[in-house]
Amino acid sequence: MIHNPSTAIGNDTSLMPEIALAPGTAIGADTATVGHHPAPLRLKQIFDAAKRKADDVPERLITYNRGMQSYHAYSGEVTLVLSRSIRRSAEIAGTVALFLSQKYPDRNVLLFNTYAGADLMTAGFARALYYLGMKSPTSFQRYLPKVAADNFDDSVDLPSPENLSIVDCPSSTLTPESLELEIVRNNACIVLVNSLEFATYSDRHRKELAGALLDIRHRLGLSVFVFSHDMRPILPYSGGRGALGILSAYAKSIWHIMEDWEHRSWVNKLMDEEMKELM
């Protein structure tokens with residue numbers, strides 16, 4: 001099912017609950033709100049939390065293979081997918097969304113489409129069907145010109161998993177409020193944003209969106225995939241400038257999906273960054 005959040009709340013923030021705590025109200029040790037601060041931690045609490053984190057190995061959701069490269073994503077974590085190609089991003093987003101919705105039928109998958117029209121979305125999902133070993137109707141041949149004819153069959157029923165929803169967000173219309181509204185409405189466990197740059201054009205608004213996504217992911221335990229066309233050489237948990245830098249500080253996995261022509265130069269840049277981290 002496809003929803004358009006711009007028709008739901010637009011930029012109206014009145015649906016967001018206002019937090020108002022009376023003086024002296026008891027709050028959790030890990031909770032911070034305006035005017036209230038979490039209780040100080042003891043060093044032992046930090047060590048205990050680190051041990052629990054180390055013992056709690058996250059579930060691997062998916063392994064995406066491209067050429068000789070293998071990319072992984074984990075449950076409850078942030079995954080950044082970087083690719084210059086808009087078409088490639090649409091294909092990968094469709095593949096990941098469809099695969100996860102079928103692998104985990106008990107988890108709701110929500111894809112925020114921030115730029116792709118109907119034709120590009122169809123091309124992405126047509127590629128997804130092929131990558132997942134499913135047959136497509138012959139009308140999809142135009143999206144897969146190099147695929148053999150025996151991969152097409154007009155008698156097949158196209159998959160339409162009940163736990164996969166797509167929210168159509170015309171470029172620059174996704175807001176922190178509509179993001180949270182749709183995630184809660186769809187009871188999503190896995191969230192994908194297929195282009196950070198097209199979600200909003202202003203750097204300030206992108207930072208606000210990144211912060212909101214990290215906040216709701218922390219509160220609800222979401223698995224998050226964010227696609228970007230910014231191919232900077234960043235590493236997991238590294239941080240940096242702008243919205244992508246904010247997200248990378250919390251990202252367990254970063255996929256650099258490079259085209260053949262740029263592969264060598266970007267591998268060298270990534271190796272340089274890794275050496276700097278070790279020094």
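Sequence positions, counted from 1, serve as the residue numbers for this chain. Treat the numbers as computed from the prediction; the structure is a model and nothing was measured.
- We find that D119 and R142 are joined by a salt bridge, their nearest charged nitrogen and carboxylate oxygen being less than 4.0 Å apart.
- Nearest approach of A73 to S253, heavy atoms of both residues: CA-OG, 4.2 Å.
- Donor-acceptor pairing under 3.5 Å is recorded for the side chains of H72 and T63.
- By the neighbour-count criterion of 12 heavy atoms within 6.0 Å, atom CG of D157 is sparsely surrounded, having that number or fewer from other residues, nucleotides or ligands.
- Although no hydrogens or angles enter the test, the distance criterion places no donor-acceptor pair under 3.5 Å between the side chain of K252 and the main chain of T79.
- Connection of F225 to Y64 is established within a shared hydrophobic cluster, with ILVMFWY side chains joined at heavy-atom distances below 4.5 Å, either directly or through further cluster members.
- Following chains of ILVMFWY side-chain contacts shorter than 4.5 Å, one can reach F112 starting from L220, so the two form part of one hydrophobic cluster.
- Counted by atom type alone, D153 and S155 present one or more donor-acceptor pairs between their side chains at under 3.5 Å.
- The backbone N or O of V78 lies less than 3.5 Å from no partner atom in the side chain of R217, so there is not a single donor-acceptor pair.
- D106 places none of its side-chain heavy atoms less than 4.5 Å from the side chain of N163.
- I257 is listed as a side-chain neighbour of Y71, based on a closest heavy-atom distance under 4.5 Å.
- The two residues S195 and T114 come nearest to each other via the heavy atoms O-OG1, 3.0 Å.
- Atom CG in L82 sits 5.0 Å away from atom CD1 in I234 (nearest 0.5 Å).
- Test Q45, K44, K51, R52 against D48 for side chain to side chain donor-acceptor pair (under 3.5 Å) and you get one pass: K44.
- Summarising the geometry of L209 relative to P176, their closest heavy-atom pair is CD1-N, 3.8 Å, with the distance given to 0.1 Å.
- Taking CD of E162 as the reference point, atom OG of S101 lies at 10.5 Å (rounded to 0.5 Å).
- Contact of the L213 side chain with the V226 side chain is registered, since non-hydrogen atoms from C-beta on lie closer than 4.5 Å.
- A salt bridge links R107 to E59: one of the charged nitrogens lies within less than 4.0 Å of a carboxylate oxygen.
- Put simply, the side chain of H256 gets close to the backbone of R232: a donor and an acceptor are under 3.5 Å apart.
- The main-chain N or O of I190 is never found under 3.5 Å from a side-chain atom of N108 such that the two would form a donor-acceptor pair.
- A donor-acceptor pair under 3.5 Å links the side-chain atoms of T175 to the main chain of S178, judged by distance alone.
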Exercise. Kindly indicate, with the supporting measurements, whether the criterion side chain to side chain contact (heavy atoms under 4.5 Å, CB included) is fulfilled by T200 and L174.
Key: CA-CA 7 Å; T200 176; L174 185 58; over 6 Å; no
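- By the 4.5 Å heavy-atom criterion applied to side chains, V96 and L192 are counted as neighbours.
- In plain terms, the two heavy atoms of P137 and L158 that are nearest each other are CD-CD2, 3.5 Å.
- For the atom pair L247 CG and S228 OG, the distance stands at 9.0 Å (nearest 0.5 Å).
- Using bins of under 30°, 30° to 60° and over 60° for the plane-to-plane angle, the ring pair H229/Y115 lands in the perpendicular bin.
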Self-check item: Steps toward side chain to side chain contact (heavy atoms under 4.5 Å, CB included) verdict (F198, I86)
Solution: CA-CA 11 Å; F198 284 93; I86 290 178; 4.0 Å; yes
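- Side chain of S248 to backbone of G239: a donor-acceptor contact under 3.5 angstrom is found.
- For the pair Y104 (side chain) and C189 (backbone), a donor-acceptor distance under 3.5 Å is absent.
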Practice problem: Could you check E180 against R185 for salt bridge (charged side-chain N to carboxylate O under 4.0 Å, His left out), going step by step and ending with a plain yes or no? | Solution: CA-CA 8 Å; E180 179 160 3; R185 175 189 294 176; over 6 Å; no
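- The neighbour count for Y130 OH, taken as heavy atoms of other residues, nucleotides or ligands under 6.0 Å away, does not exceed 12.
- Residues I254 and P236 share a closest heavy-atom pair of CD1-N, 3.5 Å.
- Criterion: ILVMFWY side-chain heavy atoms under 4.5 Å apart, direct or through other members. Under it, F125 and L120 are not part of a common hydrophobic cluster.
- Put simply, the side chain of D215 never gets that close to the backbone of G211: no donor and acceptor are under 3.5 Å apart.
- Once rounded to the nearest 0.5 Å, the distance linking CZ of R88 with CE of M258 reads 12.0 Å.
- S136 meets the side-chain hydrogen bond (donor to acceptor under 3.5 Å, both in side chains) test with no other residue; sequence neighbours excluded.
- Between the side chains of N194 and N113, at least one donor N or O sits under 3.5 Å from an acceptor N or O.
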Practice problem: Step by step, work out the side chain to side chain contact (heavy atoms under 4.5 Å, CB included) result for L61 and Y74. | Solution: CA-CA 5 Å; L61 290 176; Y74 300 89; 5.8 Å; no
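- Put simply, CD on E197 and OG on S172 are 12.5 Å apart, with the number rounded to the nearest 0.5 Å.
- A donor-acceptor pair under 3.5 Å links the side-chain atoms of T95 to the main chain of E91, judged by distance alone.
- Inter-residue side-chain proximity for L110 and E182 is flagged as met; some heavy-atom pair is nearer than 4.5 Å.
- Note on L214 and Y237: separate hydrophobic clusters, where clusters join Ile, Leu, Val, Met, Phe, Trp and Tyr whose side-chain heavy atoms are under 4.5 Å apart, directly or indirectly.
- Of the possible polar contacts, one joining the R206 side chain to the Y201 backbone as a donor-acceptor pair under 3.5 Å is found.
- Around OH of Y250, the count of heavy atoms belonging to other residues, nucleotides or ligands within 6.0 Å does not exceed 12.
- Across all their heavy atoms, G242 and K207 have their closest contact at CA-CE, 3.8 Å.
- Electrostatic pairing of E77 and R60 does not count as a salt bridge here, judged by no charged N lying under 4.0 Å from a carboxylate O.
- Linking Ile, Leu, Val, Met, Phe, Trp and Tyr residues whenever their side-chain heavy atoms come within less than 4.5 Å places M134 and M121 in a single cluster.
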Practice problem: With side chain to side chain contact (heavy atoms under 4.5 Å, CB included) as the test, would you mind laying out the steps for I183 and I216 before giving the verdict? | Solution: CA-CA 9 Å; I183 289 173; I216 191 170; 3.9 Å; yes
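- Side-chain atoms of P58 and S75, non-hydrogen and from C-beta on, never get closer than 4.5 Å to each other.
- Counting heavy-atom neighbours within 6.0 Å of F47 CZ, excluding the residue itself, gives a total of 12 or less.
- Just one residue in the list L244, L80, L196 forms a side-chain contact (heavy atoms from CB on, under 4.5 Å) with D230, and that residue is L244.
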